[in-house]
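Step one of this worksheet: look at the structure below.
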Protein chains: 2
Amino acid sequence: MTERSVAQRGRPRSEKARLAILAATTEVLLERGLAGTSMDVVAGRAGVGKATIYRWWPTKEALALEALYHSWAVAVPDEPDTGSLRGDLAALLLPWARRLRTQPYGRIVAAFITEAQTNSEFEKEYHARFVRPRREQARAAIGRAAVRGEIPAGTNVELTLDLLYGPLYHRLLHRHAPLSDRFVTDIVDAVLRAIRPERPAVMVRARGDHNRVRTP
Amino acid sequence: MTERSVAQRGRPRSEKARLAILAATTEVLLERGLAGTSMDVVAGRAGVGKATIYRWWPTKEALALEALYHSWAVAVPDEPDTGSLRGDLAALLLPWARRLRTQPYGRIVAAFITEAQTNSEFEKEYHARFVRPRREQARAAIGRAAVRGEIPAGTNVELTLDLLYGPLYHRLLHRHAPLSDRFVTDIVDAVLRAIRPERPAVMVRARGDHNRVRTP
DNA sequence: CTATTTACGAAACTCATAGTATCGTAACTT
DNA sequence: AAGTTACGATACTATGAGTTTCGTAAATAG
C-alpha cells in the first residue's frame with residue numbers, strides 16, 4: 001500500500017515526513033481520540049502539508065490505523081513457548097493488557113471497531129493488523145497444548161479464543177472494571193478449567209506450571 | 001430529563017412528534033449507522049423541525065441512545081427463574097443474541113461505546129440503560145444458583161459476568177463469527193464448567209438440566 | 001374573550017472539519 | 001538541462017451538527 005517501485009523517477013518520498021506524520025498522529029490520537037483528531041492539527045504538528053498526508057493515506061482512519069500499528073510495532077513478544085498453556089496465554093495476554101492500561105488506547109480501539117462496521121476496506125486492515133495476529137498466536141499456543149495432551153484434542157478453539165479475548169475487550173471498551181493483571185490471570189484460569197478434560201486427572205491445581213496431563 | 005411539571009402553562013409537548021422522532025431515528029440508525037444519521041434527515045422523516053428535536057435532546061448521540069432504548073423496550077424477558085443456572089443464563093442471553101442478529105445493531109452499539117469513551121454524560125446513560133440492567137439480571141441468576149448450592153459461594157461474580165458477556169460483545173463488534181444460538185450455549189456451558197466446584201460430583205454432563213449439585 | 005406562555009415547523013444561519021485543488025519549489029533520474 | 005514526482009502552504013468545496021429567527025398553534029390564567 002505504501003510500496004514504491006525500485007526504479008523511481010522523481011523526488012523520492014520523504015521518510016522524515018512519513019515518520020513525523022505517524023508520530024504526530026499517534027500523539028494527537030492519544031490526546032484527543034480519533035474524532036477529536038483533525039488533519040490540520042496533525043499536519044501542523046508534523047510540519048507537513050495536508051496534501052502530503054493525503055498523497056499517502058486515503059482517509060484519516062487509514063492513517064490512524066497505521067499510526068497506532070506503527071507505534072505498537074516495537075517489542076512484539078512473538079510466540080512465547082513456556083511449556084504450559086497457562087504460561088503461554090499469560091505471556092500473550094499480560095503484556096497486552098499492561099500496555100493498554102498505560103494510555104487511553106480504549107477510545108482509539110473503540111473508534112476503529114466502529115469504523116470497521118461501515119468501512120469494509122478498513123475492517124480488512126484492522127483485522128489483519130490488530131485482530132488476526134493475536135488470535136493466531138493464541139491459536140498456536142492452544143495447538144501446542146493439544147499436542148502435549150494438556151487439553152483434549154476436540155477442544156473448540158474458536159470458542160476458546162473468544163472466551164479469552166472477549167472479556168478483555170469487554171473491560172477495555174466498557175470500562176466497568178480495570179484491566180488488571182489479576183483479571184487477566186483469572187480469565188486464563190477460568191478458561192483452562194472450562195476446557196480441561198472432564199475427569200480431571202491427578203493434577204488439580206498447583207497455580208504454578210503443570211506438565212503433561214494425560215487425557216483419557 | 002424529559003420530565004415536565006404537572007401544572008404546565010403553555011402549549012404541551014407533542015407526544016406524536018416525540019414518537020415520530022424516536023421512530024425515525026431508529027429507522028435511520030438501522031439503515032445508516034450513527035455516523036450516517038443526519039439530523040436533517042431524521043427531522044424530515046419525522047415531519048418535524050430540527051429545533052423541536054434539539055429542544056428535547058441535547059445531541060444526536062443522546063437522541064440515538066434513547067431511540068434505540070425505546071425500540072427495545074418492548075418485551076423484556078425480566079428475570080426468568082428456570083431453576084438452573086444454565087437455564088437462567090440461556091434465557092437471558094439467547095433472546096438478546098437473537099435480536100442482535102436480526103438487524104445491524106452492532107454498528108450502533110459500537111458507535112455508542114465509542115461515544116461513551118469521550119462523553120461521560122453519555123457513558124452514564126449508556127451504562128444505566130444498556131449495560132447495568134443486563135448485568136444485574138445475570139448477577140441475580142448467579143446469586144440464586146449460589147443459594148441453591150449449584151455453584152460455590154465464593155464464585156467471582158464480576159469475572160463470571162465478563163466471561164459471559166465479553167465473548168458475546170466480542171463477536172458482535174468484531175464480526176469474525178456469527179452470534180449463533182450454539183455460540184451462546186457454548187459460552188454458558190464453558191462458564192459453568194469454569195465455575196463449577198473443582199472435584200466435579202457425579203453429575204457430568206447431560207446437556208439437559210441438572211438439578212442440585214452439592215459442593216463439598 | 002384576551003393576554004400570556006410554551007411548543008411547533010420551516011428556514012436561514014454559524015462553525016468545524018474532511019478532503020481536494022492549485023501553486024511555486026525541491027529533489028531525484030536520464 | 002529536461003523531465004518527473006514529492007514537498008509545504010494555502011485557498012477552496014462539501015457536509016453536517018447545532019443555533020437562531022420567525023410566524024403560528026395550543027394550552028392556561030384572569
Side-chain angles (χ1 to χ4, degrees), chain A residues 1-22 24-25 28-29 31-67 111 114-115 118-119 121-122, chain B residues 1-22 24-25 28-29 31-67 111 114-115 118-119 121-122:
Chain A
M1 185 181 257
T2 310
E3 242 54 64
R4 304 279 299 121
S5 64
V6 184
Q8 24 196 344
R9 283 291 302 257
R11 175 177 176 172
R13 177 177 186 181
S14 164
E15 182 69 6
K16 187 175 142 203
R18 185 184 142 257
L19 294 175
I21 291 166
L22 290 173
T25 302
V28 181
L29 276 176
E31 286 171 17
R32 316 197 187 177
L34 181 60
T37 294
S38 96
M39 296 299 264
D40 289 273
V41 168
V42 169
R45 205 175 294 194
V48 306
K50 253 203 308 181
T52 301
I53 302 182
Y54 280 106
R55 188 184 309 276
W56 302 104
W57 291 277
T59 62
K60 178 170 85 161
E61 289 73 25
L63 169 62
L65 190 74
E66 187 170 332
T114 298
E115 178 68 16
T118 324
N119 180 339
E121 183 58 39
F122 183 92
Chain B
M1 186 183 259
T2 310
E3 243 53 65
R4 304 279 298 122
S5 64
V6 183
Q8 25 196 345
R9 282 291 303 256
R11 174 177 176 171
R13 176 179 186 180
S14 163
E15 181 69 4
K16 189 176 139 201
R18 185 183 143 257
L19 295 176
I21 291 166
L22 290 173
T25 302
V28 181
L29 276 177
E31 286 171 16
R32 316 195 188 179
L34 181 59
T37 295
S38 97
M39 295 300 263
D40 289 274
V41 168
V42 168
R45 207 176 292 196
V48 307
K50 252 202 311 181
T52 301
I53 302 181
Y54 280 106
R55 188 184 309 276
W56 301 105
W57 291 277
T59 62
K60 178 171 85 162
E61 289 72 26
L63 169 62
L65 190 76
E66 186 171 333
T114 298
E115 178 68 16
T118 324
N119 179 340
E121 181 59 37
F122 182 93

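Within every chain, numbering begins at 1; the chains are lettered A, B, ... in the order of the sequence lines, protein sequences first and strands thereafter. Side-chain atoms are counted along with the backbone in the values below, which use heavy atoms only and exclude waters and symmetry mates. Quick caveat, the model's predicted, so the values are computed rather than measured.
- The backbone N or O of A/T37 lies less than 3.5 Å from a partner atom in the side chain of A/K60, making a donor-acceptor pair.
- Contact of B/K50 with D/dG18 (side chain to base): a donor-acceptor pair of N or O atoms is detected under 3.5 Å.
- One cannot find a donor-acceptor pair under 3.5 Å joining the base of C/dA7 and the side-chain atoms of B/R13.
- The closest donor-acceptor contact from the side chain of A/T25 to the backbone of A/I21 lies under 3.5 Å.
- Side-chain atoms of B/R9 lie closest to C/dT6 of the nucleotides C/dT6, D/dT21, C/dA18.
- Between B/A51 and B/G10, the residue anchored closer to the 5' end of DNA chain C is B/G10, taking for each the nucleotide with the nearest heavy atom.
- In this structure the side chain of B/R18 never reaches within 4.5 angstrom of the side chain of B/W56, judged on heavy atoms.
- Comparing C/dC8, C/dA18, D/dC7 by their closest approach to the side chain of A/S14 singles out D/dC7.
- Closest to the side chain of A/Y54, from the set C/dT20, C/dG9, C/dA7, is C/dT20.
- In this structure, A/T52 does not reach the D/dA6 phosphate: none of its side-chain N or O atoms is under 4.0 Å from OP1 or OP2.
- Heavy-atom distances under 4.0 Å link DNA chain D to B/M39 of residues 39-49 of chain B, given in residue order.
- Dashed line: the shortest gap from a side-chain N or O of A/W57 to OP1 or OP2 of C/dA18 is not under 4.0 Å.
- Of all nucleotides listed (C/dC8, D/dA26, C/dT6), D/dA26 comes nearest to the side chain of B/P12.
- In the set C/dA18, D/dA6, C/dC8, the nucleotide with an atom closest to the side chain of A/R55 is D/dA6.
- Under 4.0 Å is where a charged nitrogen must lie from a carboxylate oxygen, and between A/E31 and A/R45 at least one such pair does.
- Picking from C/dT30, D/dA25, D/dT21 the nucleotide with the shortest atom distance to the side chain of B/R11 gives D/dA25.
- Taking 4.5 Å as the limit, some side-chain heavy atom of B/L22 sits within range of a side-chain heavy atom of B/L63.
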